[in-house]
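Values below: every heavy atom of this structure, side chains too, minus hydrogens, waters and symmetry copies.
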Amino acid sequence: MANLSEDNGEETPLQVRLNGVATFIGMVGLSVAGVVLGVLAIRYFTGHTKNPDGTVQFRAGTTGLKQGFMGAIRILTIAVTIVVVAVPEGLPLAVTLTLAYSMRKMMLDKALVRRLSSCETMGSATTICSDKTGTLTLNKMTVVEAHFIGTRLDPCDDVRAISSSSAALLIEGIAQNTTGTVFLPEDGGAADVTGSPTEKAILSWGLKQIGMDFNDVRSKSSVLHVFPFNSEKKRGGVAVQSDTGVHIHWKGAAELVLSSCKSWLSLDGSVQPMGAQKRNEYKKSIEDMAKSSLRCVAFAYCQCDIEKIPKEDIADWKLPEEDLTLLGIVGIKDPCRPGVRSAVQLCKNAGVKVRMVTGDNIETAKAIALECGILDANGVISEPFVIEGKAFREMSEIARGEIADKITVMGRSSPNDKLLLVQALKRKGHVVAVTGDGTNDAPALHEADIGLAMGMSGTEVAKESSDIIILDDDFTSVVKVVRWGRSVYANIQKFIQFQLTVNVAALVINVIAAVSSGDVPLNAVELLWVNLIMDTLGALALATEPPTDNLMKRQPVGRREPLVTNIMWRNLFVQAIYQIAILLIFNFSGKKILRLQNESPDNAEKMKNTFIFNTFVFCQIFNEFNARKPEERNVFKGVTKNHLFMGIVCVTTVFQILIVEFLGKFFKIVRLNWSLWLVSVAIGVVSWPLAYLGKFIPVPVRPLQAYFKPCWKSSRRDEEEGRQG
């Protein structure tokens, strides 16, 4: 609980990047708005701003106060509008929309999202630390091998060689030292066994194979004290009293229980000392079972004098756990889930490393890891790639950090070992996802960037500490979450590329026009409509793009990769330069190109500006298709399947037609004839072949931002040296 109450307050990888992008865009927008405000104000008050008919708008000493004030307000409105267009207020909307859309869709893939931001964080995951039991395996366990009276039972239910006294001790240990229960229906039907998968497997074996009468055995002895299964000691014990005396029964990890045994039960039921040869035989049996991917569980007991049992404070009594007598060992098979191997391979192809962290024997862990494809049969299967939790735990923090990257399988791990591994990986810069189901897994789930709790076998504490609940406990569902997470990240990148293109084009056009002529072709109301297309409608259209198979062929973005990639910069500049060049040509020579010389100066200016506005909007509508596929040349692939995208494009087009044809007074524009409409649409359509050709332009591997970092760092260093001086 102490670990869980610590709030690390960390931002997700995407939040860090978005803050940087939003701040950068905002600063550029404010700077441009300041420049435009200054230039327009200077030109206006010095008499260099003219009306379409050539008259000067402001003359010092002759222009009235009201007219001068209205001119200043118009200039301020343009500057404020530029800020509104530049500041990416649609970015939070796009993020929230794409997260909410993905969250709803992930429910269909058996993933319940508890924390919205975890959707995108999962897309940045570089490593997944997965449990074995129930996640990689089916969690349907059966006893398939048994070693008793110093020999292997073949088959595992052949108990004829076991003496009645030995069988009675074993049955007493199975029936009393368990957290499971057996319900026998009155109609004589099949027994209903409940409990953990391991307990159910052992109880079922006892009932069906060795003839255990669960209720009868429990009625013949009484429980004095219980030591619950402990994930640190990997064993659980119980003290029971019967007519034959007090017995302390232990059950747990085979090699650990074996190390506490000083004797073993022979064929005739007599107790024999555990010599080195016999101990090695048992160790060899455990290793052989573990290599066959079996979970090994040992049973042991010892007798206790009733005088040694405390009469009072029995709850504090520490059960004897040394000098035990080994009763036997069983091997429990838990088969791999179908589809896990291909899911692990999909993660490898996507650059996400899958690590198995399990409490099972290291040999069992290795066998399952090989079966699942986590370990390569031709690779290195030794330390530090395969390690025991105890060895990792005893290392220094620096040593853990050095080998954390290499660890692929950790066996005999405690929940604290999992927590230490997560911390070490995070310090190395990894974005870590962790699966867990137990209460003790809660600190690791809380510490990880993405905690994935199991919906079926997970405890409430584990679920409360998690970010996402995997409803079917299946590793393949975890991989689907990664796919959706990458889709979230990709959709936000698409929106940012679309928004930056509009920002760059609108800002550059207005700045150049303001500096050169003292007026801007895109007025405040027009820019606000463009802002609505770009932010709200653009976010809706691009945030709901479904994931594609290509997403799982990329490397993870991790923590340090820039949000705006070189491919995005290339696409952005190709479209922005085209829009700026075309629209500035029409701004300065539009009357001549559009043959408006016969119109009145005022009407010709309005028609030219209306045409520029209309063309600019259609450039954005067609560029919205390009933003769908930043890396692919075919931008129309699957477009008809996204009904929301098509609907928004149609709605935007209809509204643009209504604005130009019927809302001219409100927007201060005029109607266009059919030929100008065709030219506007044709200019917009050119963005499609331009985007196709632009994708042949190679981009450098090094991020564009990296070229400016040395300059920025040196300037910061100079400033610090100046302050120190």
Side-chain angles (χ1 to χ4, degrees), residues 14 17-18 21-22 24-26 28-29 81-102 120 487-507 509 522 525-546 563-565 567-569 571-576 578-579 613-631 635-636 638-659 684-685 687-688 691:
L14 183 62
R17 294 183 179 95
L18 284 174
V21 170
F24 173 73
I25 296 173
V28 170
T81 307
I82 287 173
V83 174
V84 171
V85 172
V87 172
E89 69 272 16
L91 206 50
L93 175 65
V95 173
T96 306
L97 278 172
T98 190
L99 290 175
Y101 171 76
S102 300
E120 54 86 2
S487 176
V488 168
Y489 191 85
N491 287 349
I492 292 168
Q493 283 186 313
K494 292 170 189 176
F495 172 72
I496 288 171
Q497 177 185 306
F498 176 65
Q499 186 176 51
L500 284 177
T501 306
V502 183
N503 277 353
V504 170
L507 293 179
I509 290 165
L522 299 169
V525 182
E526 290 169 351
L527 283 175
L528 288 174
W529 167 236
V530 169
N531 196 46
L532 185 64
I533 297 172
M534 177 180 71
D535 281 348
T536 310
L537 297 176
L540 271 170
L542 295 170
T544 54
E545 280 289 313
L563 183 61
V564 184
T565 64
I567 289 172
M568 291 167 67
W569 282 120
N571 299 342
L572 185 158
F573 286 133
V574 166
Q575 294 295 329
Y578 166 69
Q579 292 177 22
F613 163 61
N614 199 42
T615 304
F616 186 65
V617 168
F618 273 102
C619 281
Q620 309 324 319
I621 291 172
F622 288 108
N623 190 39
E624 209 159 355
F625 286 86
N626 297 329
R628 290 184 65 248
K629 305 284 183 184
E631 297 180 22
V635 297
F636 305 109
V639 70
T640 53
K641 294 178 182 177
N642 191 342
H643 303 299
L644 186 60
F645 180 89
M646 295 302 294
I648 287 169
V649 169
C650 292
V651 167
T652 308
T653 306
V654 169
F655 269 101
Q656 180 62 18
I657 294 168
L658 291 174
I659 286 167
V685 169
S687 68
W688 286 347

Aromatic ring pairing Phe625/Phe636, orientation class (parallel under 30°, perpendicular over 60°, tilted between): tilted
No-hydrogen, no-angle side-chain donor-acceptor test under 3.5 Å, Gln575 and Gln497: no
Note, Thr653 side chain near Phe618 side chain (heavy atom, < 4.5 Å): yes
Approximate separation, where rounding is to 0.5 Å, of Glu545 CD and Lys629 NZ: 6.0 Å
Gap separating the NZ atom of Lys494 from the CD atom of Glu624, nearest 0.5 angstrom: 12.0 Å
Beyond-backbone contact of Thr501 with Asn623, side-chain heavy atoms, under 4.5 angstrom: yes
Contact check, side chains of Phe616 and Val502, non-hydrogen atoms, under 4.5 Å: yes
Minimum-distance pair of heavy atoms, taken over all atoms of Asn571 and Pro630: ND2-O, 2.8 Å
Contact check, side chains of Val564 and Trp569, non-hydrogen atoms, under 4.5 Å: yes
CG on Leu572 to CD1 on Ile496, rounded to 0.5 Å: 11.0 Å
For Leu563 against Met568, the heavy-atom pair lying closest together: O-SD, 3.5 Å
Gln620 side, atom CD; Ser687 side, atom OG - distance, nearest 0.5 Å: 8.5 Å
Contact summary for Leu540 and Leu644, nearest pair of heavy atoms: O-CD2, 3.7 Å
Side chain proximity check, Phe495 to Thr98, heavy atoms < 4.5 angstrom: no
Nearest non-hydrogen partners of Pro546 and Ser487, listed with the distance: C-OG, 4.1 Å
Thr652 side chain near Phe655 side chain, heavy-atom distance below 4.5 Å: no
Check: Gln656 and Phe613 side chains under 4.5 Å, non-hydrogen atoms: yes
For the student: nearest non-hydrogen atoms of Cys619 and Tyr578, plus distance: SG-CE2, 4.5 Å
Heavy-atom closest pair, residues Leu542 and Ala627: CD1-CB, 4.0 Å
